[in-house]
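Below you'll find the structure, written out as structure tokens, and then a few comments.
As a basis for the values below, the full set of heavy atoms in this structure was taken, side chains included, without hydrogen atoms, waters or symmetry mates.
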Amino acid sequence: MGEIYISSRTNPTVAALSSLQSKKGRRETGLFLCEGKKLCREALGKCSVSYALIKEGCDGEELRSIAELSGGQIIILSEGAFGKISCDSAPDGIIFAAKIPEQGEKIQPRERVFAMECVRDPGNVGTVIRTAAAFGIDRIILADCADVYNPKTVRAAMGALFNVKITVCEDFGALIPELKKQGRRVISAALTGTSVTLGKTSLLPTDCLVVGNEGHGISDKTLEMSDETVIIPMTDKTESLNAATASAVLLWELLKTFGLQ
């Protein structure tokens, strides 16, 4: 497969690839953007790359090697054409356009699971994915959250997106019976009349912890179906933690239960 050179920002291929910045474009093409040397290197062998884009003038040995290893069509782009596709304020010259993995794989009983509900900030979603991977989570459930393949989510996840399994759904409540059939408890981070302070409840490796939207929290339906609710102890100087920070605290507490294996 020979490489292609494109100079025009209005080229149809450039237009199609720049559309991947939007959810509509990703849905129509089945592709997402993965940008930067570190992220593209992490993606090698873990996702199917359709195009490896290199900015003209940056096509040195390192970037060319990464592009060749991807197995995708190599396209050298002028600075203007590359800039139309890039989402980075200081791009280092390489972008992959990779295939979005198919959904449908069932949650397995032995997997360690963590859930987010209605977390709409893509940076927060990506940070939670990165944190969950670091703390030994196998699968993350995203219920009515920001698109996991939004470029901001992909960048914030810092390669962890390729190392955990993702289940995307609109209604977390529909998944709860399946989780409970596997012997899991669903434990939501929320302030209710029966909430237990984190650290004073016994967590199990099979528990599915849930964090919600910072402004609106976890849905009433999920709270009603939860086995337990927990709160993170804090001073009265702030009302709450953002989703990413709260997730890190919850995951650290869960990690102390089972450790890294």
### Message
Walk me through whether T201 and E228 qualify under side chain to side chain contact (heavy atoms under 4.5 Å, CB included).
### Response
CA-CA 10 Å; T201 184; E228 194 171 320; 2.5 Å; yes

### Query
For F82, does its backbone N or O pair with a side-chain atom of S86 as donor and acceptor, under 3.5 Å?
no

### Task
For S219 and E117, test the side chains for any donor-to-acceptor distance below 3.5 angstrom and give the result as yes or no.
yes

#### Entry: Min side-chain heavy-atom separation D138-K165 under 4.5 Å
no

### Message
Is there a continuous path of hydrophobic side-chain contacts, each under 4.5 Å between heavy atoms, that joins V154 to V168?
### Response
yes

## Note on the structure
When rounded to the nearest 0.5 Å, the distance separating CD1 of I54 from CD1 of I94 is 5.0 Å

### Task
Give a yes or no on whether the backbone of G123 and the side-chain of D121 come within a donor-acceptor separation of less than 3.5 Å.
yes

### Query
To the nearest 0.5 Å, what is the distance between CG (L254) and NZ (K256)?
11.0 Å

### Message
Quick check: closest heavy atoms across L251 and A132, and the distance to 0.1 Å?
### Response
CD1-CA, 3.7 Å

### Message
If hydrophobic clusters are built by linking Ile, Leu, Val, Met, Phe, Trp and Tyr wherever their side-chain heavy atoms come under 4.5 Å apart, do L142 and L175 end up in the same one?
### Response
no

### Query
Is there a path from I95 to L161 through hydrophobic residues (I, L, V, M, F, W, Y) whose side chains come within less than 4.5 Å of each other?
no

#### Entry: Chi angles and distances behind the side chain to side chain contact (heavy atoms under 4.5 Å, CB included) call for M225, F172
CA-CA 10 Å; M225 298 177 74; F172 181 57; over 6 Å; no

### Message
How close do V128 and A243 get, counting heavy atoms only, and between which atoms?
### Response
CG2-O, 4.0 Å

### Query
Hey, is NZ on K99 packed in by over 12 heavy atoms from elsewhere, all under 6.0 Å?
no

#### Entry: Side-chain donor or acceptor of Q21 paired with backbone N/O of I85 under 3.5 Å
yes

#### Entry: Between CZ on residue R112 and CZ on residue R184, distance to nearest 0.5 Å
10.5 Å

### Query
Which heavy-atom pair separates T229 from T192 by the least distance, and what is that distance?
OG1-OG1, 2.8 Å

### Task
Would you sort out whether T127 and N124 count as a side-chain hydrogen bond (donor to acceptor under 3.5 Å, both in side chains), showing the intermediate values?
CA-CA 5 Å; T127 301; N124 271 342; 5.3 Å; no

#### Entry: Electrostatic pair D171:K221 at N-O distance under 4.0 angstrom
yes

### Task
Begin with the C-alpha distance, continue with both residues' side-chain angles, and end with the deciding distance and a verdict on side chain to side chain contact (heavy atoms under 4.5 Å, CB included) for L209 and L203.
CA-CA 9 Å; L209 296 174; L203 297 179; 4.2 Å; yes

### Message
For M158, is there any backbone N or O sitting under 3.5 Å from a side-chain donor or acceptor partner on R130?
### Response
no

### Query
Does L39 share a hydrophobic cluster with V125, counting links as ILVMFWY side-chain heavy atoms below 4.5 Å and allowing steps through other members?
yes

### Task
Hey, could you give me the SG/CG distance between C145 and N150, rounded to the nearest 0.5 Å?
12.5 Å

### Message
Just verifying a value: how many Å separate D144 CG and M116 CE, rounded to the nearest 0.5 Å?
### Response
12.5 Å

### Query
For the residue pair V211 and A189, what are the closest heavy atoms and their distance?
CG1-CB, 4.5 Å

#### Entry: Pairing of K38 and D92 as salt bridge, 4.0 angstrom limit
no

### Query
When you measure from the side chain of S70 to the backbone N and O of A67, does any donor-acceptor pair fall under 3.5 Å?
yes

### Minimum-distance pair of heavy atoms, taken over all atoms of I129 and A157
CG2-CB, 4.1 Å

### Task
With the side chain counted from C-beta on, respond yes when I107 and I141 share a heavy-atom pair under 4.5 Å apart, and no when they do not.
yes

### Summary
In terms of heavy-atom contacts, A246 and L241 come closest through N-CB, 4.1 Å

### Query
Any side-chain heavy atom of K55 sitting closer than 4.5 Å to one from L77?
no

### Query
Is any side-chain heavy atom of L20 less than 4.5 Å from a side-chain heavy atom of F32?
no

### Task
Check whether any side-chain heavy atom of I75 sits under 4.5 Å from a side-chain heavy atom of T13, and report yes or no.
yes

### Task
Take I232 and T197, measure what side chain to side chain contact (heavy atoms under 4.5 Å, CB included) needs, and give me the verdict at the end.
CA-CA 6 Å; I232 298 172; T197 301; over 6 Å; no

### Query
So, S226 side chain and T222 main chain: donor-acceptor pair closer than 3.5 Å or not?
yes

### Task
Please examine the side chains of C208 and I187, heavy atoms only from C-beta on, and report whether any two atoms are closer than 4.5 Å.
no

### L198 side chain near I231 side chain, heavy-atom distance below 4.5 Å
no

### Task
Determine whether the side chains of R110 and Q108 contain a donor N or O and an acceptor N or O closer than 3.5 Å.
no

### Query
Does a side-chain N-to-carboxylate-O contact under 4.0 Å join D147 and K23?
no

### Query
Do E62 and R41 pass the salt bridge (charged side-chain N to carboxylate O under 4.0 Å, His left out) test, and can you show the C-alpha distance, the side-chain angles, and the key distance before you say yes or no?
CA-CA 10 Å; E62 182 183 13; R41 199 179 284 113; 2.6 Å; yes

### Task
Please check if the side chain of N213 supplies one atom and the backbone of V119 the other of a donor-acceptor pair under 3.5 Å.
no

### Query
Does the pair E35/R155 count as a salt bridge with the N-to-O cut at 4.0 Å?
no

### Message
Counting only heavy atoms from other residues, nucleotides and ligands, does the tally under 6.0 Å from OH of Y149 exceed 12?
### Response
yes

### Task
Using the rule that two of Ile, Leu, Val, Met, Phe, Trp, Tyr join whenever any of their side-chain heavy atoms come within less than 4.5 Å, decide whether V49 and L63 are in one cluster.
yes

### Query
Does R9 offer a backbone N or O that forms a donor-acceptor pair with the side chain of K84 under 3.5 Å?
yes

### Task
Keeping the roles fixed (side chain from Q103, backbone from C169), state whether a donor-acceptor pair exists under 3.5 Å.
no

#### Entry: Check: R139 side chain, V113 main-chain N or O, donor-acceptor pair, under 3.5 Å
no

### Query
Does the side chain of T131 reach to within under 4.5 Å of the side chain of S247, using non-hydrogen atoms?
no

#### Entry: Spacing of CG belonging to L191 relative to CD1 belonging to I218, to within rounding of 0.5 Å
11.5 Å

